[in-house]
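Start at 1 and go down the list; that is how both ligands and their atoms are numbered.
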Amino acid sequence: MAKRKIAIIGVGKIAQDQHLPVIDASEDFELGATVSTRGLGHNGVPVFKTPGELYAAMPEIDLVSICTPPGIRHQYVREALDAGKDVMMEKPPTTTISELDDLVDHARRLDRVLYQTWHSQYNAAVDRTRDILAKDGVKSARIDWRESVRKWHPGQDWVWEPGGFGVCDPGINALSIFTKVMPFPVFVQSAKLTFPANRQTPVDVEIEFKSGQIGKPELSAGFNWLEESGEIWTIRFETGTGDIIKLEGGGRSLSVNDELILKHGDGEYAAMYEHFAGLLERGESDVDKAPMRLMSDVFLMGARENGPEFEW
Ligand code: NAP
């Protein structure tokens, strides 16, 4: 089958690190154009300043992958759907649940495919963890998500603006794994959000979850954005039968009682594009709202503290 032409909207860090190389290597997609306010292209494809210019000039491109910050995504996705495009969206999907609901409804009304990507939802270690927890139950869970904002979001001031999520931008990746593998719903009991005194979004977050389950499993998470020793992207579970399950490397490796069971490489973006190709084939949308709901509740329930100022 001929490759499907896709356009990238927003040629920033994640588009350059992941989307463009994965499309270059894809059997399903080929890059047709980019939309970049700074005029950044790739491999000589046409470059447009706005999505509207792309849609007018190249109507034959009917797929877009939107890699901008979340604050402008609702507007860009609506515009794409209205132009008759099928759409893949980076995470976090939008800045509010109302916007996400609207996009899902709008895509359904227009009979378009809308795919909300979540990291690590398509990997065997995460699927195996979900199966183990479904069988054995959960006595406790602890998420530790620590990384350096200077390494992963260098100079990106939008992460510190309202709607920029702060450390909850990577933290929502943890929640997207958590909500996928947990065998019962979880809710935010309390949260403490520490903001740099000169910024609008948190740099450190501690969350206690509740579940309404008999036995009251202990469930908590900590996100931190000033970790310079390397990434710690770990979720540790104690099952109802006393086994210790550890998902490390952002869901890439699984160990049970310290024995490595599964480990795989960095194929998450290739897997996401493969999944998008399947959705297009079947004419289906895929938007899991659970991580966004839980993260919104963190902001609703969170107590705020001011910490030291942040400078790049
Ligand atoms: P980024 O480097 O700041 O890139 C975003 C790009 O969007 C900008 O370079 C710009 O590209 C375009 N853009 C259009 N309107 C914009 C506006 N009003 N403000 C800022 N940029 C605008 O950010 P990123 O790290 O690629 O993140 C983009 C999305 O991917 C975010 O939702 C983020 O959570 C997600 N993500 C990031 C990472 C990571 O490690 N950084 C990992 C996974 C997912 P043009 O100049 O080409 O228009």
Regarding Asp157 and Arg199, does a basic nitrogen lie under 4.0 Å from an acidic carboxylate oxygen?
yes
Please indicate whether any nitrogen or oxygen in Trp158 is less than 3.5 Å from any nitrogen or oxygen in ligand 1.
yes
Given the ring of Phe223, does Arg146 sit roughly above its face, with NZ or CZ under 6.0 Å from the centre of the six-membered ring and within 45° of the axis?
no
Using 4.0 Å as the upper bound for N to carboxylate O, is an ion pair formed by Lys5 and Asp62?
no
Looking only at non-hydrogen atoms, which of Gly41, Pro154, Gly12, Gly71 approaches atom 6 (C) of ligand 1 most closely?
Gly12
For Trp233 together with Trp152, are the ring centres under 6.0 Å from each other?
yes
Ligand 1 atoms in contact with Ile72 (distance to a heavy atom under 4.0 Å):
14 (C), 15 (N), 16 (C), 17 (C), 18 (N)
Atom 9 (O) of ligand 1: the protein heavy-atom neighbour that sits closest, reported with distance to 0.1 Å:
Arg38 NH2, 3.0 Å
Atom 38 (C) of ligand 1 [closest protein heavy-atom partner, distance rounded to 0.1 Å]:
Ile14 CD1, 3.6 Å
Are Tyr273 and Phe29 an aromatic pair, judged by ring center distance below 6.0 Å?
yes
Counting only heavy atoms, tell me which of Pro69, Ala15, Gly10, Gly39 gets closest to atom 22 (C) of ligand 1.
Pro69
Could you tell me if any non-hydrogen atom of Pro170 lies under 4.0 Å from any atom of ligand 1?
no
Could you tell me if any non-hydrogen atom of Asp169 lies under 4.0 Å from any atom of ligand 1?
yes
A student comparing Gln156, Glu161, His153 should find that the heavy atom closest to atom 23 (O) of ligand 1 comes from Gln156
Pull out every atom of ligand 1 sitting under 4.0 Å from any heavy atom of Pro92, numbered as shown with elements.
32 (O), 34 (O)
Going by heavy atoms, is Gln18 under 4.0 Å from ligand 1?
no
Using a strict threshold of under 4.0 Å (side-chain N to carboxylate O), is an ion pair present between Arg4 and Glu281?
yes
Should Thr37 be counted as touching ligand 1, given the test is an N or O pair under 3.5 Å?
yes
Less than 4.0 Å between a side-chain N and a carboxylate O, is that true for Glu30 and Lys3?
no
Under 4.0 Å from a heavy atom of Arg73: which atoms of ligand 1 are those, numbered in the order shown and with their elements?
29 (C), 31 (C), 32 (O)
Are Arg112 and Asp86 within salt-bridge range, i.e. N to O under 4.0 Å?
yes
Main-chain N/O of Asp258 paired with Ser255 side-chain donor or acceptor, under 3.5 Å:
no
Give a yes or no on whether the ring-centroid distance for Phe48 and Tyr55 is below 6.0 angstrom.
no
Please confirm whether Leu40 comes within less than 3.5 Å of ligand 1 when only nitrogen or oxygen atoms on both sides are compared.
no
Measuring from non-hydrogen atoms of Gln16 to any atom of ligand 1, is the shortest distance under 4.0 Å?
no
N/O to N/O below 3.5 Å, does that happen between Tyr269 and ligand 1?
no
For His119, the atoms of ligand 1 under 4.0 Å from one of its heavy atoms are 43 (C), 44 (C)
Taking Glu90's backbone N and O only, do any of them form a donor-acceptor pair with Gln116's side chain (distance below 3.5 Å, no angle check)?
yes
To check your reading of the model: name the closest protein heavy atom to atom 11 (O) of ligand 1, its residue, and the distance in Å.
Val11 N, 3.4 Å
Quick test: of every protein heavy atom, which one is nearest to atom 2 (O) of ligand 1, and how far off is it to 0.1 Å?
Lys13 N, 2.8 Å
Proximal atoms of ligand 1 relative to Pro70 (non-hydrogen, under 4.0 Å):
32 (O)
Counting from 1, what ligand 1 atoms have a heavy atom of Trp152 closer than 4.0 Å?
39 (C), 40 (O), 41 (N)
Please work out, at 4.0 Å between heavy atoms, whether the side chain, the backbone, both, or neither of Glu90 comes within that distance of ligand 1.
side chain
Assess whether a salt bridge exists between Glu208 and Lys216, defined as any Lys/Arg side-chain N lying under 4.0 Å from an Asp/Glu carboxylate O.
no
Looking at Trp145 versus Trp225, is the centre-to-centre ring distance below 6.0 Å?
no
Atom 29 (C) of ligand 1: closest protein heavy atom, distance to 0.1 Å, is Thr68 O, 3.4 Å
